[in-house]
2 protein chains.
Amino acid sequence: MRNNTRNHNIVKEIFENYLENNQLRKTKSRFSILDTIYKLESHFDADELFQLLKKKSEPVSKATIYNTLEVLETCGLIRKHLFTKNHAVYEPSYGFSQHDHLICTGCNKIIEFCDPRIQAIQTTIGKLFNFQIEERSLTLYGTCIDQACKNKHIDNKQNK
Amino acid sequence: MRNNTRNHNIVKEIFENYLENNQLRKTKSRFSILDTIYKLESHFDADELFQLLKKKSEPVSKATIYNTLEVLETCGLIRKHLFTKNHAVYEPSYGFSQHDHLICTGCNKIIEFCDPRIQAIQTTIGKLFNFQIEERSLTLYGTCIDQACKNKHIDNKQNK
DNA sequence: CTGCATGCAAACTCTTTGCACCCGC
DNA sequence: GCGGGTGCAAAGAGTTTGCATGCAG
């Protein structure tokens with residue numbers, strides 16, 4: 001359940017407050033971007049966002065896309081992932097429970113999962129090394145059972 | 001204890017066998033690269049490797065570096081990490097126990113850690129989604145207590 | 001001597017930057 | 001109107017690729 005009007009409004013409010021408190025301007029582009037992101041069902045990258053906005057006739061330049069994504073990441077409304085090289089993938093993060101990712105190396109499908117034990121590990125390691133842990137990234141890679149997967153359970157270490 | 005002559009020899013043998021079995025040539029460059037990597041104490045990137053080889057008067061072009069890193073990754077002798085954007089970091093993987101990473105967002109220090117619970121999570125999630133899990137990446141980000149750290153326990157979500 | 005491996009430089013991709021113009025405050 | 005935000009295009013970094021030459025088998 002990735003979509004939800006109430007969250008959408010709360011998120012907009014959080015963003016507005018953040019912009020105000022940091023002397024950043026409430027521009028049309030910034031809200032177009034936030035809106036588009038929070039209507040998405042899944043992960044997205046900068047270019048998809050660019051294309052979507054163009055299609056909606058609210059075009060925004062790449063420079064602004066990246067600028068806004070950075071602002072949104074800083075205020076915690078989106079999360080950035082580096083699953084594959086040279087290609088950042090983002091996802092909305094407000095109202096979605098913290099989770100990690102399972103990725104099929106065959107078809108690149110991204111599955112989200114939760115396991116409370118991860119939090120325990122995070123706490124243990126933070127204490128052990130006297131670190132204040134701010135973020136984690138846990139990603140499992142494997143092959144899925146999808147019929148359409150190019151790489152059905154066949155061992156193939158290549159295309160990751 | 002990241003260094004060890006016995007491992008060094010075994011690794012060389014594994015690599016030779018791999019090359020033979022895959023009709024790949026045993027070139028001087030490939031062995032220079034493997035040697036250099038397995039003499040390193042820590043993580044490295046393509047450019048560091050390039051510089052090291054140049055300094056040792058066994059220069060190898062970037063193209064060959066990347067080519068060989070890919071071969072080594074495929075045969076499981078090194079592991080590739082994407083801790084930060086647009087910048088792959090590698091580490092030798094034979095003879096070093098499986099571990100995960102803790103990274104300081106202030107000074108980029110990389111610390112290795114082990115926690116057996118991660119393996120359990122991996123197994124659970126694999127069963128749950130019927131995935132054959134081949135690899136995982138767990139990285140925790142935070143701020144360290146190093147005196148020299150540019151970012152001593154001060155909240156700073158920026159430079160990741 | 002055959003053809004994979006290498007070196008070089010150019011191409012590529014994603015992202016960032018410089019600068020003139022625009023618009024929120 | 002001031003100063004940050006935007007769009008555009010060009011620059012940048014890391015990595016990949018094309019092609020001629022070199023060397024392993």
Side-chain angles (χ1 to χ4, degrees), chain A residues 12 15-34 36 43-54 56-75 78 80-90 108 158-160, chain B residues 12 15-34 36 43-54 56-75 78 80-90 108 158-160:
Chain A
K12 201 166 164 180
F15 193 37
E16 278 191 300
N17 286 334
Y18 180 83
L19 294 175
E20 264 172 38
N21 297 335
N22 291 272
Q23 286 86 55
L24 296 171
R25 291 183 184 163
K26 301 178 191 174
T27 66
K28 198 171 164 246
S29 298
R30 286 178 170 158
F31 287 105
S32 290
I33 291 171
L34 184 70
T36 307
H43 301 72
F44 62 93
D45 62 25
D47 191 59
E48 283 175 62
L49 196 51
F50 177 76
Q51 303 299 341
L52 277 170
L53 286 159
K54 187 152 60 172
K56 287 171 70 177
S57 306
E58 302 176 30
V60 173
S61 73
K62 283 280 175 74
T64 301
I65 298 259
Y66 283 108
N67 170 359
T68 304
L69 287 174
E70 197 181 326
V71 176
L72 287 170
E73 198 195 350
T74 306
C75 74
I78 61 171
K80 183 178 186 175
H81 298 290
L82 298 166
F83 297 138
T84 55
K85 64 176 169 267
N86 303 331
H87 192 198
V89 169
Y90 303 81
N108 294 315
Q158 266 86 284
N159 57 338
K160 188 174 40 191
Chain B
K12 201 167 165 180
F15 192 38
E16 277 191 301
N17 286 334
Y18 180 83
L19 294 175
E20 262 173 37
N21 297 335
N22 291 272
Q23 286 87 56
L24 295 170
R25 290 183 183 163
K26 301 179 191 173
T27 66
K28 198 171 165 246
S29 298
R30 285 177 170 159
F31 287 105
S32 290
I33 291 171
L34 183 70
T36 307
H43 301 73
F44 62 93
D45 63 24
D47 190 60
E48 283 175 62
L49 195 52
F50 177 76
Q51 303 300 340
L52 276 169
L53 286 158
K54 187 152 58 172
K56 287 171 71 176
S57 306
E58 300 175 33
V60 173
S61 73
K62 282 279 174 75
T64 302
I65 299 258
Y66 282 108
N67 169 2
T68 305
L69 286 174
E70 197 182 324
V71 176
L72 287 169
E73 198 195 350
T74 305
C75 74
I78 61 172
K80 182 179 186 173
H81 298 289
L82 299 166
F83 296 138
T84 56
K85 62 176 171 269
N86 303 331
H87 192 198
V89 169
Y90 303 82
N108 294 316
Q158 266 85 285
N159 56 339
K160 189 173 40 191

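Sequence lines set the chain letters: A, B, ... in the order given, protein chains first and strands last, and positions in each chain run from 1.
The neighbour count for B/Lys12 NZ, taken as heavy atoms of other residues, nucleotides or ligands under 6.0 Å away, does not exceed 12.
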Original post:
Can you list the steps and then say if B/Asn67 with B/Arg30 is a side chain to side chain contact (heavy atoms under 4.5 Å, CB included)?
Top reply: CA-CA 9 Å; B/Asn67 169 2; B/Arg30 285 177 170 159; 3.9 Å; yes
**OP:** Show your reasoning for whether side chain to side chain contact (heavy atoms under 4.5 Å, CB included) applies to B/Thr27 and B/Thr68.
**Re:** CA-CA 10 Å; B/Thr27 66; B/Thr68 305; over 6 Å; no
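Atom CZ in B/Phe50 sits roughly 11 Å away from atom C1' in C/dC8 (whole-Å rounding). C/dC19 atom C1' lies 15 Å from atom CG of A/Asn67, rounded to whole Å. The CD atom of A/Glu20 sits 8 Å away from the P atom of C/dC25 (whole-angstrom rounding).
The side chain of B/Thr64 approaches C/dG7 more closely than any other nucleotide in the set C/dG7, C/dG3, C/dC25.
Scanning DNA chain D 5' to 3' for nucleotides with an atom closer than 4.0 angstrom to a non-hydrogen atom of chain B gives a first and last hit of D/dG14 to D/dG25.
Under the 4.0 Å criterion applied to side-chain N and carboxylate O atoms, A/Glu20 and A/Lys26 are assigned as salt-bridge partners.
Judged by distance alone with a 3.5 Å cut-off, a donor-acceptor contact links the side chain of B/Arg25 to the base of C/dC4.
The shortest non-hydrogen separation linking B/Thr64 to B/Ser29 is CG2-CB, 3.9 Å.
Residue A/Lys26 is classed as a sugar-phosphate contact, given heavy-atom separations below 4.0 Å to backbone atoms only.
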Distances under 3.5 Å between nitrogen or oxygen atoms of protein and nucleotides 14-18 of chain C:
unit_1	atom_1	unit_2	atom_2	d
C/dC14	O3'	A/Asn86	O	3.4
C/dT15	OP1	A/Ala88	N	3.0
C/dT15	OP2	A/Tyr66	OH	2.3
C/dT15	O5'	A/Tyr66	OH	3.2

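Note that CZ of A/Phe50 is 12.0 Å distant from CG of A/Asp45, once rounded to the nearest 0.5 Å.
Ring geometry, B/Phe44 versus B/Tyr90: the interplanar angle falls under 30°, so the pair is classed parallel (tilted spans 30 to 60°).
The shortest distance between side-chain heavy atoms of A/Asn22 and A/Thr74 does not fall below 4.5 Å.
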